[in-house]
There are 4 protein chains.
Amino acid sequence: MKKVAANPLVYEFSRHLEPRVRIEAGETLLVESEDALSGQIRTNNDRRDKTTMPFSNPVAGPIFVEGAAPGDSIAVTIHEIKPRDGQAATYTGSPKQLCEWLGTDVPHGAHVCPIRDGQVYFSDEIAIPYAPMLGCIGTSPAVGSPTTLPAGPHGGNLDLVEVCPGSTVYLPVFVDGAYLYLGDAHAAMGHGELSATGLEMAAETTITVELIKSKPLTGPRIESPTEIVTVATGCPMERSIAEAYAQLILWMEADYGWDRWNAYDLLTHVGRISVGYYGIGTVGTKIEKRYLGRGD
Amino acid sequence: MKKVAANPLVYEFSRHLEPRVRIEAGETLLVESEDALSGQIRTNNDRRDKTTMPFSNPVAGPIFVEGAAPGDSIAVTIHEIKPRDGQAATYTGSPKQLCEWLGTDVPHGAHVCPIRDGQVYFSDEIAIPYAPMLGCIGTSPAVGSPTTLPAGPHGGNLDLVEVCPGSTVYLPVFVDGAYLYLGDAHAAMGHGELSATGLEMAAETTITVELIKSKPLTGPRIESPTEIVTVATGCPMERSIAEAYAQLILWMEADYGWDRWNAYDLLTHVGRISVGYYGIGTVGTKIEKRYLGRGD
Amino acid sequence: MKKVAANPLVYEFSRHLEPRVRIEAGETLLVESEDALSGQIRTNNDRRDKTTMPFSNPVAGPIFVEGAAPGDSIAVTIHEIKPRDGQAATYTGSPKQLCEWLGTDVPHGAHVCPIRDGQVYFSDEIAIPYAPMLGCIGTSPAVGSPTTLPAGPHGGNLDLVEVCPGSTVYLPVFVDGAYLYLGDAHAAMGHGELSATGLEMAAETTITVELIKSKPLTGPRIESPTEIVTVATGCPMERSIAEAYAQLILWMEADYGWDRWNAYDLLTHVGRISVGYYGIGTVGTKIEKRYLGRGD
Amino acid sequence: MKKVAANPLVYEFSRHLEPRVRIEAGETLLVESEDALSGQIRTNNDRRDKTTMPFSNPVAGPIFVEGAAPGDSIAVTIHEIKPRDGQAATYTGSPKQLCEWLGTDVPHGAHVCPIRDGQVYFSDEIAIPYAPMLGCIGTSPAVGSPTTLPAGPHGGNLDLVEVCPGSTVYLPVFVDGAYLYLGDAHAAMGHGELSATGLEMAAETTITVELIKSKPLTGPRIESPTEIVTVATGCPMERSIAEAYAQLILWMEADYGWDRWNAYDLLTHVGRISVGYYGIGTVGTKIEKRYLGRGD
């Protein structure tokens, strides 16, 4: 199994960077990634130094997928996400959008949480179930290189709890080789990622990448053993919800034989919404697969 | 047990209407409500007639709570929500915000779904678990009378799946007697209530209303056996998420002894978001109670 | 000429209140209104006391227009807006949405500005041209009674600089008699009304009210000697801009003979946007009348 | 005077591209730019072909400014914007956000408008005053390469009518040489750029670029002979308005000696808002210079 080491740190989804590894469709890969704070928080006394490292969410890559061409898509199945250092770090900086209600007197916010026995220890008394996920996963656009802060049709900083072991993430291919990047692993994350910082951890992620020829996508899709999920991003969030649900309807129509308006009707009653980092308006809309087989 | 019959139909949260019933704090009450379509859809051939009934979401009330005064709050515990007619009706009108992606050729959308054996039959093959909830619950503001379309500090058209049997809804009191209204029951509802119409049903709801003296609230709160939930509303939804999480932090601080910024940190990792009708940006933010006892 | 005195203070657009005056279509009326701070700020040392008066933007009314019925509209021409006390008061409270960038250490914010010789004296050195307008103007909805804080299809707290002497405001009629209210005069106002408080003044406003039978409107419209303006409200503001421009296109189509898509094309190049209080997302979109006569 | 020819077409603000020209601070430059439709619309019968050219808003550049380094800013003064072909082209594609109110039956929308005698001829009868501006102007970020569709701290697709002859645009420098790009000239543009397409023209723009050492900026600023303007971008627009006004206050504080809260108070009464393409929530907030000299 090939391995992609985390360094050097990369903060964008760019077609201009040299591939770190080249793989065939169907290959399984171990990807090492640094944490979202670029490794600057190792103890509760450490501070985020934006002078030496002003960017966030370093990703590993680019991973060049042989044979991938514009108009194709790739399917990235996540098998496992393991913490590299046995701990997660979080950082509550200025509460920004909350200061209207809470003020701004937030104390120094570095907080390291040990991970052991399937739990993340927020404190001695409070254990959060270890539920790892990748904050960032994406391909390179044909023009432009988004940083690892926004999300978009290429994927990017999705921050959705559904990007987790057992799931497959479908991404459009815009350039030859796809130029896949991933990283920003979290040991767990709440809906909305309130402080913009999850339980950030350096991680080793095992993935398999499949190539789907001639399957253009308008944006990321996720499939878990029990659900299918479409993703849209951008403020205001209500617009992203509309767009994501519309894409879910179109998916049900194209791949599961549903009448468009029947799907619209059903999703009104059984659809679910998952919110990524709320500051950038990313949402996943989803439906359980058990509803999908009978839409005509 | 007193009973509040559904008629006449009421479409606002007003202090100007004559109380339908007067209760003491602690009383249990059976409240009958018409469905959100004002009973116009009884078969798949019926159509919504906005000429004779231009409003939506009729509620039962006002219920006058003896002793309730401005600055108090009331706690409405929902014991049971039963369908009155053994069926739910839904209506997919113009897809409005979706038409950018889906077009506008939506067919006549009346759709009646039988309810039996704990299932709502969307079709012969598709059964949705019966998971009843109230779309509308609220008190009367001190000034102004919101219709049953928006939500606000008084409650209103919340459309949150958490307003269900087993939960207690806390509402601020703005006028003597509180003037409680409720209705707009759904047999089930997806996050976001995509078409703005759930599985609407005429219902009989059993509630107990308690009075909490001298407990002003800035907005609705919900408590289930396992979670506490704060609610905020208004577009853009990302602002409502910020406001609801801020109120949840303040609740943890005031009633559970949490340090404000510690609560902020924790919610980042374990908070959950529930989306009401997405078109008006209503959200509930929540935390499991098992995390609450240890915040210092 | 009939006169409507400011007292008692009214803070909603309600069909439940007793008309203060009844007029025939075509009548001219002098309307006295208290300032938006309910008269609490008369010197720089005064403070806003929300305990005794928690509401904002008192309006004068309701004015009952004989013969007005649902489906009609009224045309309110503003002839003159005069300051009652020779001064305007403003009040910079907590900067709310700005505190993310500016912090919250705003000092006591009462500020009284004398009005004389066509200028409002912000200080001895800074004179702002007197450009009076009404912040609030609206009719009563058929159901519900909006407070004087939001805006809506009935008008309400528009805060648009176009509601000024020389302009005619068209409002839909939802109840018999229209129940017109107006007030919240400003001596001048910046786009967006940054602090939510303009140069508030008690005022005497002279208006003529005309009745237009069988002319339903979807929302307020304004006509000045040189422009026509449509209004939409609600966050996110980009959605209100879309709605307001759509209504302007429909107006050009219905009353000026324009092809819909030609109007759309033209407005892209010559449309103008005026922003009311930005916190509630109110906008006016407009076009100069000189472009209107030639749209086929 | 150096000249930058329009070709090859560039659709991003990238530090990876080879500089087209290198200039000293203080140099004046003639910049040729293709129109936003990449030159595909030359007659009313032409159609936009997104297969051969899927991107929009080609810009000329990068222009390397000798001596410019991260932490500096550049001042781009626009002297003149001349149409290259004597005409402007516009294109009304799918009305997207408007289709909720207007439907989707927009006809083929290519529309060429001759420019002569200071007028843009929308039709034989309708002349729009020639008021040229640049839709796109920006530097390269340190990480990432935004396409020419969004705007951001680097500038980008601002679409503000204030970026016009007589004005100076201040932009932050993030990489050595600044990597300035500009283009997307419009012969005129309405507020909001309703259809996302202005009166697009290939243009020759004359600029002078000055270098301001050690002057970091958080985003673009504009200075005209009579106004200063700050820019923020992103949906929801109300948030951008808050951010832009906050930056205007900080500018008044830093460079004009104003007390922060005094500036806040004044802008409430005399601030003005200019809306760029409304779909991406870009706004300029501004104040007339005549108010600036007396803020203490």
Side-chain angles (χ1 to χ4, degrees), chain C residues 90 92 95-98 100-102 105-107 109 111 120 122-123 125-126 128 186-199 235-239 241-243 245-247 249-250 260-261 264-275 278-281 285 291 293-295, chain D residues 90 92 95-98 100-102 105-107 109 111 120 122-123 125-126 128 186-199 235-239 241-243 245-247 249-250 260-261 264-275 278-281 285 291 293-295:
Chain C
T90 188
T92 47
K96 303 189 58 161
Q97 292 110 311
L98 300 190
E100 176 176 343
W101 298 276
L102 300 183
D105 59 332
V106 56
H111 181 185
V120 187
F122 183 81
S123 66
E125 294 80 21
I126 298 183
I128 300 169
H186 301 164
M189 197 194 84
H191 280 167
E193 204 192 17
L194 186 59
S195 76
T197 305
L199 289 162
C235 296
M237 196 183 291
E238 51 273 23
R239 185 172 159 82
I241 290 174
E243 183 180 349
Y245 265 133
Q247 294 301 335
I249 289 168
L250 292 171
R260 176 176 301 198
W261 302 115
Y264 170 55
D265 187 1
L266 181 66
L267 285 172
T268 300
H269 314 309
V270 304
R272 288 291 176 264
I273 296 173
S274 178
V275 178
Y278 81 104
I280 60 170
T285 54
Y291 288 118
R294 299 155 296 186
Chain D
T90 188
T92 47
K96 303 190 55 160
Q97 292 110 312
L98 300 191
E100 177 177 343
W101 298 276
L102 300 183
D105 60 330
V106 56
H111 182 187
V120 186
F122 182 81
S123 67
E125 293 80 19
I126 298 182
I128 300 169
H186 300 164
M189 197 193 84
H191 280 167
E193 202 191 18
L194 187 60
S195 76
T197 305
L199 289 161
C235 296
M237 196 183 290
E238 51 274 23
R239 185 171 158 82
I241 290 173
E243 182 179 349
Y245 265 132
Q247 294 301 334
I249 289 168
L250 293 172
R260 177 176 300 198
W261 301 115
Y264 170 55
D265 187 1
L266 181 66
L267 285 172
T268 300
H269 314 308
V270 305
R272 288 292 176 264
I273 295 173
S274 178
V275 179
Y278 81 104
I280 60 170
T285 53
Y291 288 116
R294 300 156 293 185

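Just so it is clear, the structure is predicted and the values come from calculations on it, not from any experiment. Every chain is numbered from 1, with letters handed out A, B, ... down the list of sequences. Computation of the quantities below employed the complete heavy-atom set of this structure, encompassing side-chain atoms and omitting hydrogens, waters and symmetry-equivalent molecules.
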**Prompt:** Using a cut-off of under 4.5 Å for heavy-atom pairs, which of D:L267, D:I241, D:I249 has the most such pairs with chain C?
**Reply:** D:I241
**Fill in**
So, the part of D:V106 with a heavy atom under 4.5 Å from chain C: the answer is both
**Item:** chain D contact via C:I280 - which portion, at a heavy-atom distance below 4.5 Å
**Value:** neither
**Prompt:** Which residues satisfy the ring-ring contact (aromatic ring centres under 6.0 Å, His included) test with C:Y264, sequence neighbours excluded?
**Reply:** C:W261
**Prompt:** Quick one: does D:T268's side chain get under 4.5 Å of C:L199's, heavy atoms only?
**Reply:** no
**Prompt:** Heavy atoms, side chains only, cut-off 4.5 Å: are C:L266 and D:I128 in contact?
**Reply:** yes
**Request:** Would you mind checking which part of D:H269 comes under 4.5 Å of any heavy atom in chain C, side chain (CB onward), backbone (N, CA, C, O), both or neither?
**Result:** both
**Prompt:** So which part of D:S195 gets closer than 4.5 Å to some heavy atom of chain C, the side chain, the backbone, both or neither?
**Reply:** both
**Message:** Heavy-atom pairs under 4.5 Å with chain C: which of D:G198, D:G192, D:S274, D:G281 has the most?
**Reply:** D:G198
**Separation between CG of C:D265 and CG of D:L194, rounded to the nearest 0.5 Å** = 9.5 Å
**Request:** Would you mind checking which part of C:V270 comes under 4.5 Å of any heavy atom in chain D, side chain (CB onward), backbone (N, CA, C, O), both or neither?
**Result:** both
**Partner set under ring-ring contact (aromatic ring centres under 6.0 Å, His included) for C:Y278, not counting sequence neighbours** = none
**Asked** For C:Q247 and D:W101, which heavy atoms make the closest approach, and how far apart are they?
**Response** NE2-CD1, 3.8 Å
**Fill in**
If one checks every heavy atom of C:E100 against chain D at 4.5 Å, the contacting part turns out to be side chain
**Item:** Contact summary for C:G190 and D:R272, nearest pair of heavy atoms
**Value:** CA-NH1, 3.5 Å
**Request:** State, with a plain yes or no, whether a side-chain heavy atom of D:M237 is found less than 4.5 Å away from one of C:P236.
**Result:** no
**Item:** Residue part contacting chain D, namely of C:T285, when any heavy atom lies under 4.5 Å
**Value:** neither
**Prompt:** Between D:R260, D:Q97, D:H111, D:E243, which shows the greatest number of heavy-atom pairs under 4.5 Å with chain C?
**Reply:** D:E243
